[in-house]
Amino acid sequence: MNDALHEEPLASEQVFAGRLLDVRRDRVRLPDGSESVREYARHPGAVVIVAELPNGELLFERQFRYPLHRVFLELPAGKIDAGEDILATAQRELREETGHVADAWLHLGVMHPCIGYSNERIEIFLARGVRRVGEQQLDAGEFLDVLSLSFAAAVEAVASGEITDAKTITALFRAALSPSAPADWRRLGDGAASLP
């Protein structure tokens with residue numbers, strides 16, 4: 001790569017290996033020729049799903065997130081298993097977390113939620129023709145509530161600060177930009193409270 005801002009890796013050390021994260025410390029050569037250290041977490045990647053019900057509402061989850069010690073309102077999401085296709089991950093996570101499946105899937109793009117300290121990517125999907133087929137099939141130790149909100153209510157929750165989860169905010173925005181988005185989604189923010 002001959003980008004003038006490129007940092008060349010010289011050495012890499014694993015600092016911690018957990019079930020989810022692989023924390024690294026790399027020695028790099030900077031664009032000016034000097035050396036520095038970069039610490040970051042490797043992540044297997046994840047998906048997030050904007051799941052539209054037949055009534056036009058979207059599926060959401062309330063889940064306690066330990067690092068911040070509180071419950072968050074967020075879209076269904078989950079980790080990509082090793083070797084798993086991203087669409088298969090989205091389909092699996094929607095079924096497991098909510099008990100729903102979808103007839104139509106559209107990949108909306110990718111986001112990188114924490115570029116300063118992780119290589120995590122989150123693949124964004126829009127699911128339509130969503131219907132309940134059974135009970136949740138949550139992982140051991142996973143607890144969450146499923147609810148639905150209109151797109152307008154979700155945007156209002158972002159504007160009011162009730163939704164602060166980056167993947168959820170980005171996925172709603174990407175869904176609103178989709179050529180197949182309903183007209184009311186395209187007016188992202190119309191009628192929502194003004195941001196502070």
Taking the side chain as C-beta and beyond, is there a heavy-atom pair between Glu52 and Trp185 under 4.5 Å?
yes

Do Thr98 and Glu61 have side chains that get closer than 4.5 Å, going by heavy atoms?
yes

Are side-chain heavy atoms of Pro76 and Glu93 found at a separation under 4.5 Å?
no

dist Ser150:OG -> Leu53:CG (nearest 0.5 Å) comes out at 11.5 Å

Worked check of side chain to side chain contact (heavy atoms under 4.5 Å, CB included) between Arg131 and Asp103:
CA-CA 9 Å; Arg131 65 192 182 289; Asp103 293 327; 2.7 Å; yes

Hey, what do you get for OG1 (Thr164) to CD1 (Ile169), rounding to the nearest 0.5 Å?
6.5 Å

For side-chain hydrogen bond (donor to acceptor under 3.5 Å, both in side chains), just list the numbers for Tyr40 and Asn119, CA-CA rounded to whole Å, side-chain angles, deciding distance to a tenth of an Å, and then say yes or no.
CA-CA 8 Å; Tyr40 63 99; Asn119 70 343; over 6 Å; no

Centre of Phe72's six-membered ring, under 6.0 Å away, within 45 degrees of the axis: is that where NZ or CZ of Arg70 sits?
yes

Calculate, to the nearest 0.5 Å, the distance between atoms CD and CD belonging to Gln63 and Glu97 respectively.
6.5 Å

Is Leu59 reachable from Phe125 through a run of I, L, V, M, F, W or Y residues, each pair having side-chain heavy atoms under 4.5 Å apart?
yes

The single option from Glu35, Glu7, Glu13 that satisfies salt bridge (charged side-chain N to carboxylate O under 4.0 Å, His left out) with Arg27 is Glu35

Please round to the nearest 0.5 Å and tell me the distance separating atom CG of Leu177 and atom CG of Leu172.
11.0 Å

Look at the side chain of Asp32 and the backbone N and O of Ser34, then say whether any donor-acceptor pair between them is shorter than 3.5 Å.
yes

Is there a chain of hydrophobic side chains (I, L, V, M, F, W, Y, each step under 4.5 Å between heavy atoms) that links Leu149 to Leu144?
no

May I ask you to test the Val110-Arg174 pair for a side-chain heavy-atom distance under 4.5 Å?
no

Could you measure the distance from the CZ atom of Arg95 to the CD atom of Glu135? Nearest 0.5 Å is fine.
8.5 Å

Quick check for you: to the nearest 0.5 Å, what is the distance between Lys79 atom NZ and Glu84 atom CD?
8.0 Å

Is it possible for you to say whether Ile163 and Met111 belong to one hydrophobic cluster, with membership spreading through side-chain heavy-atom contacts below 4.5 Å?
yes

Is any side-chain heavy atom of Leu126 less than 4.5 Å from a side-chain heavy atom of Trp105?
no

Ala157 versus Ser160, closest heavy-atom pair with distance:
O-OG, 3.3 Å

Would you mind telling me which of Asp139, Asp85, Asp81 makes a salt bridge (charged side-chain N to carboxylate O under 4.0 Å, His left out) with Arg92?
Asp81

With a 4.5 Å heavy-atom cut-off, do Glu74 and Arg65 have their side chains touching?
yes

Check whether any side-chain heavy atom of Val101 lies under 4.5 Å from a side-chain heavy atom of Gln91, and answer yes or no.
no

Side chain to side chain, His107 and Leu87, heavy atoms closer than 4.5 Å:
no

If you compare all heavy atoms of Ala181 against all heavy atoms of Ala175, which two are closest, and at what distance to 0.1 Å?
CB-O, 3.2 Å

